[in-house]
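Numbers restart at 1 for each chain; the letters A, B, ... are given by sequence-line order, proteins then strands. FYI, side chains are in, hydrogens and waters are out, and symmetry mates aren't considered; it's all heavy atoms of this structure.
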There are 2 protein chains.
Amino acid sequence: MKVLIVEDDPLHRSYLHEAVNAALPECDTVIEAENGTVGEKLARDHKSAHIVMDLQMASRNGIEAARTIWKERPETRILFWSNYSDEAYVRGVSRIVPDGAAYGYVLKSASDERLKLALRSIFIESQCVIDREVRGLQQKSLGQTNGFTDSEYEILVDIALGLTDRAIAKRRGLSLRSVQNRLQQLYDKLDVYQTAGDDHEDGRFNLRARAVTVAFLRKLLNYSALERAEAELQEWLDGK
Amino acid sequence: MKVLIVEDDPLHRSYLHEAVNAALPECDTVIEAENGTVGEKLARDHKSAHIVMDLQMASRNGIEAARTIWKERPETRILFWSNYSDEAYVRGVSRIVPDGAAYGYVLKSASDERLKLALRSIFIESQCVIDREVRGLQQKSLGQTNGFTDSEYEILVDIALGLTDRAIAKRRGLSLRSVQNRLQQLYDKLDVYQTAGDDHEDGRFNLRARAVTVAFLRKLLNYSALERAEAELQEWLDGK
DNA sequence: CAACAAGCTGCGGGTTTACGCAAGACGGCG
DNA sequence: CGCCGTCTTGCGTAAACCCGCAGCTTGTTG
C-alpha cells in the first residue's frame, strides 16, 4: 500500500509522514509532494489510490488538485487535512467529490488519535470521515435552513467577481430582472440593507459591495474560492 | 533573557522553541502563547522585550496583538514570522511599528539559518531584519512608483467595506466628488475598466466590486485586513 | 383538475455611480 | 511674485443599481 502526501509546509509534511507510518503499518511507501501541481503529477505517475492533501497551498490548491485527480481516477481516496473549516472550502470540496467515493475532512487542530483513526477508516475501511465541525457546516449549507442555495451562492460569486447585472444575466442565461431578484434574495439572507431606517441618511451601504464583504467575513467566500471563480470567469470570457 | 513565542500551530511553536534555544544560548526562559489574546497578556505580565509572533492567528491576529504590545512598551522587539508576504500584511505591519523600534519579518519558508540569524540580529544587535521578498513589497508600496498611496489604500478599504460614496465622504471629511476622484485614481491604478471597447456591450464590470476583487487577488487586501477595517468601521459607526 | 408556492420576466421610477468639464486652493520653485 | 502641478469641489449626464407591482410559466399537492 502506498500513500501520497500533498502538503505545503515541511513541518506538517513530516508530521503527516510519521502519522501515516504509525497508523498504517500495512503501508510500505510514502511519497511526498510540496504543492498541488507536483501532487497531481505524482498521483498520476504512481496511480496513487490513497492521498492525504492539504487544502491551502500556494501553487495549486488542494481542491483544484483533487478535482483533476478524481476526474482521472474517481475511486481514489482522499483525506483533506486543513487548518480551516471555511464554508467556502467545505462547499468547494463537496462539489467535487464523486458519487460513492470515500473521502475525509479533518482539521489540523484535531488530535493525533483522531487523525490516525481517520486514516484507517478511509484508507482501510473505505468510510467517509468528516470532522464534526465541518459536518455542521455541510448540513446547514445543504439543508436549506439558513443555508445558501446553489443559485444564491452562484450569484454571490458573480458579484464578488465584479460582474454587472447584465453580464451575469448573459453568463447564466437569465433576464436582467431575474438576476436582480436573486440579488435581492442574497441581500436578504446575508442581512445587508441600507441602514436607511433613520431620519436622515446616515451609514448607508452599497449593498452589492457590502454583501461580498459580509460573505467574506462569514467565510462563505475566501481567497481560494475567489481564485477558482476568477479562473472560471476567464475561461468563459475567452470562450466568448 | 526571556523570549515569548506567539504562534497558533503547535508544530511551528515547538519548532520555534528549538530554534530560539539553538540561536540564543543567552536566553534562559521561553514562554509560549497559542494566540494573540494570550500573547498580549503574557507580554504584559512578563514585560517581555523579545517576542516572536505569527501573523495569522484565529483568535486575535499578530498585527492587533503587536499593536497593543507596542503601544504599552514601544521598545519591545518583535520578530514577525509568517507564511505569507501579502502586501496587506506588510502594510499593516509597517503602519504600527514605532519609530526606531527593532523588528523583523521573516517568512516561514526561510531556512533555519536565516531564522536563527534574524533572531540574533534583532534580539541581540537591535537590528531590523526584513525578508528580501517582503522588503521588495515595502519599497514598492512606500515609494510611489506603481505603489498605492495612503489615500488610495484608504478608499480601497472603504469600498471593500461596502460604504457608499456619501458615507465615505462623511467618514473621511471629503466632498462627494473628491471621493469619486479618488475612486477613479484607484480604478486606474488597479487597471480595472469597463471592457466597453467593443461594438456592443460585452464583459462589462462593475468597477467598484471589481476593484475589490482585483485587490484581493493581488493580496493588497486579505481577510485579516478586512477584519481590522470592519472593526474600525463599527467603532466609527458607534461614535456616530 | 384546481389551487398554490416558487421562480422568471417586463415596466417604471427613485438613487447611486462613473466621469468629463472647469473653477478655486495650496505648496514649491525659478 | 508669477507659473505650474496636485488636490478639492461643484455641475451635469448617461448608465447602472435597487426594488415594488404584476402577469406568466412551472412543478407540487390535495
Exercise. Roughly how many Å is it from CG in B:Asp158 to C1' in C:dT17, rounded to a whole number?
Worked result: 16 Å
Seminar exercise, completed: Side-chain atoms of A:Ser175 come closest, of C:dT9, D:dT8, D:dC19, to C:dT9
For this session: Write down the distance between CZ (A:Arg210) and C1' (C:dT16), rounded to a whole number of angstrom.
Result: 18 Å
Exercise. Can you check the A:Phe205 CZ to C:dT16 P distance for me, whole Å?
Worked result: 14 Å
For this session: Going by the salt bridge (Lys or Arg N to Asp or Glu O under 4.0 Å) test, name the single residue among A:Lys41, A:Arg44, A:Arg67 that passes it with A:Glu72.
Result: A:Arg44
Problem set entry | Geometric cation-pi criterion A:Arg77 and A:Tyr103, 6.0 Å radius, 45° cone | no
Problem set entry | Sugar-phosphate only, base, or nothing, as touched by A:Arg172 at under 4.0 Å among non-hydrogen atoms | nothing
Exercise. Would the number of heavy atoms belonging to other residues, nucleotides or ligands and lying under 6.0 Å from CZ of A:Arg73 be above 12?
Worked result: yes
Seminar exercise, completed: From the list A:Asp131, A:Asp9, A:Asp54, salt bridge (Lys or Arg N to Asp or Glu O under 4.0 Å) with A:Lys108 holds only for A:Asp54
For this session: Classify the nucleic acid contact of B:Leu176 as base, sugar-phosphate or nothing, counting any heavy atom under 4.0 Å across all strands shown.
Result: nothing
Exercise. Any side-chain N or O of A:Arg166 under 4.0 Å from OP1/OP2 of D:dA16?
Worked result: yes
For this session: Check the distance between C:dT9's P and A:Leu174's CG and give it to me in whole angstrom.
Result: 6 Å
For this session: Answer yes or no: does a side-chain N or O of A:Arg182 lie under 4.0 Å from OP1 or OP2 of C:dG7?
Result: no
Exercise. Would B:Arg210 count as a cation-pi partner of B:Phe205, with NZ or CZ less than 6.0 Å from the six-membered ring centre and within 45° of the ring normal?
Worked result: yes
For this session: Please figure out whether B:Gln180 or B:Asn206 has its closest DNA chain D nucleotide nearer the 5' end.
Result: B:Gln180
For this session: Rounded to the nearest angstrom, tell me the gap between atom CD in B:Gln185 and atom P in D:dT9.
Result: 13 Å
For this session: May I ask you to verify whether the side chain of B:Arg177 and the base of C:dG24 hold a donor-acceptor pair under 3.5 Å?
Result: no
Problem set entry | Interatomic distance, B:Glu154 CD vs D:dC7 P [rounded to whole Å] | 14 Å
Exercise. Nearest-Å distance, CG (B:Asp188) to P (C:dG20)?
Worked result: 10 Å
Exercise. Roughly how many Å is it from CD in A:Gln184 to P in C:dC8, rounded to a whole number?
Worked result: 13 Å
Exercise. On DNA chain D, nearest-nucleotide positions of B:Gly173 versus A:Asn181: which is more 5'?
Worked result: B:Gly173
Exercise. Can you check whether A:Thr164 has a side-chain N or O nearer than 4.0 Å to OP1 or OP2 of D:dA16?
Worked result: no
